[in-house]
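Just so we're on the same page: letters track the sequence lines, and every chain starts at 1.
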Protein chains: 2
Amino acid sequence: MLSIGELAQTTGCKVETIRYYEKIGLMPEPERTGGNQRRYAPRHRERLHFIRHSRDLGFSIEAIRELLALSDQQQRDCAAVDALARRHREAVQARIESLLTLREELDRMIEGCAGGDVAHCRIIEVLSDHSQCQGEHG
Amino acid sequence: MLSIGELAQTTGCKVETIRYYEKIGLMPEPERTGGNQRRYAPRHRERLHFIRHSRDLGFSIEAIRELLALSDQQQRDCAAVDALARRHREAVQARIESLLTLREELDRMIEGCAGGDVAHCRIIEVLSDHSQCQGEHG
DNA sequence: TAACCGCCCTGTAGCCACTACAGGGTCAAG
DNA sequence: CTTGACCCTGTAGTGGCTACAGGGCGGTTA
């Protein structure tokens, strides 16, 4: 049985975050010592690993809640899991595309800056006026 | 002179957001009618355009605060503006790279899923175990 | 002039996913 | 038995808004 600090260390998760996951019902309530301190069994460690890894892969708390519920129903078809993962993949893809557009606009803006004083700064000028951008962004 | 609703319409910014920008000191306090309603001059519209465009380009509120302060000092050298823009560009670049890594892991995970039941779902398996990932992410 | 209705006002609370305290209690080593 | 590292609960803060509640204003119509 692990204390919350030990669990935190083995999972790379902060103590406060573990308590937070418990409060929002993502982590089950662990046993307690006589002095009211949490003591975790291996299954808690596995679940926290699952949560942390999913978070690192960008899944939202609500998505993880669904994934956990699905992973508890071992005999059901995994189509719902697949759909969730694909939806998230598409969201990541969209974010990448919008950041690439952004980077282009930033590059154009920065390249345009030839030094000198603020009154003639290309960056300030572009920021004031979106029509000087190549395309849409944001 | 524009009412707050008119200003919102011409800038594509919500009314609440304009009031929020005023509260945090990003927008200057406008004049008021006898009945205490805000009335905006053209310079407010320009400033709000600057703010919105900067936000769309991903600058943080604090960065915009600095950019606005710098753009008010027309005769100073624009090196500080340039540095701010470049730093932001690098942050965007880093974010893109981390999302690309993420997308790769998600793709590998999704491709690995051959259907069937949750007990044998590759996605659930990888989520439980980071060592099955190619590299670091998150 | 009164009524109407859409707009405006302030202030507060909520969103996400944590993080950071304050003010106290517990556990294990020495 | 004392020390000090850890743990407890509860609340408030982060960024950048958004969404009310409960009231007031402004301009048009009757």
By a strict heavy-atom criterion of less than 4.0 Å, which residues belonging to [range] are in contact with DNA chain C?
range	answer
residues 33-62 of chain A	A/Thr33, A/Gly35, A/Gln37, A/Arg52, A/Arg55, A/Ser60, A/Ile61
residues 20-30 of chain A	A/Tyr20, A/Tyr21
residues 2-17 of chain B	B/Ser3, B/Ile4, B/Gly5

Can you list everything that forms a salt bridge (charged side-chain N to carboxylate O under 4.0 Å, His left out) with [X]? Sequence neighbours excluded, please.
X	value
B/Arg122	B/Glu125
A/Asp107	B/Arg89
B/Arg87	none
B/Arg32	B/Glu22

Residue pairs fulfilling ring-ring contact (aromatic ring centres under 6.0 Å, His included) with at least one residue in residues 64-97 of chain A, sequence neighbours excluded: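 Qualifying pairs: A/Phe59-A/His88.
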Pairs meeting criterion ring-ring contact (aromatic ring centres under 6.0 Å, His included) with involvement of residues 14-38 of chain A, two or more places apart: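 Checked against ring-ring contact (aromatic ring centres under 6.0 Å, His included) - neighbours excluded - no pair reaches residues 14-38 of chain A.
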For A/Cys133 against A/Val126, the heavy-atom pair lying closest together: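 Nearest pair, atom of A/Cys133 first, then A/Val126: SG-CG1, 4.2 Å.
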With sequence neighbours excluded, residues passing ring-ring contact (aromatic ring centres under 6.0 Å, His included) with A/His44: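 Checked A/His44 against ring-ring contact (aromatic ring centres under 6.0 Å, His included); matches are A/Tyr40.
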B/Gln74 and A/Asp117, any side-chain heavy atoms less than 4.5 Å apart: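 Sidechains of B/Gln74 and A/Asp117: no contact.
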Side-chain H-bond candidate by donor/acceptor type, B/Glu136 with B/His130, under 3.5 Å: yes
Span of DNA chain C, from the first to the last nucleotide whose atoms fall under 4.0 Å of chain A heavy atoms: C/dA17 to C/dC27
Results of side chain to side chain contact (heavy atoms under 4.5 Å, CB included) for B/Glu62 - residues two or more places apart only: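 In terms of side chain to side chain contact (heavy atoms under 4.5 Å, CB included), with neighbours along the sequence ignored, B/Glu62 is linked to B/Ser60, B/Arg65.
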Note: A/Glu16-A/Arg19 ion pair, threshold 4.0 Å (strictly below):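 Not counted as a salt bridge, because no side-chain N and carboxylate O are separated by less than 4.0 Å.
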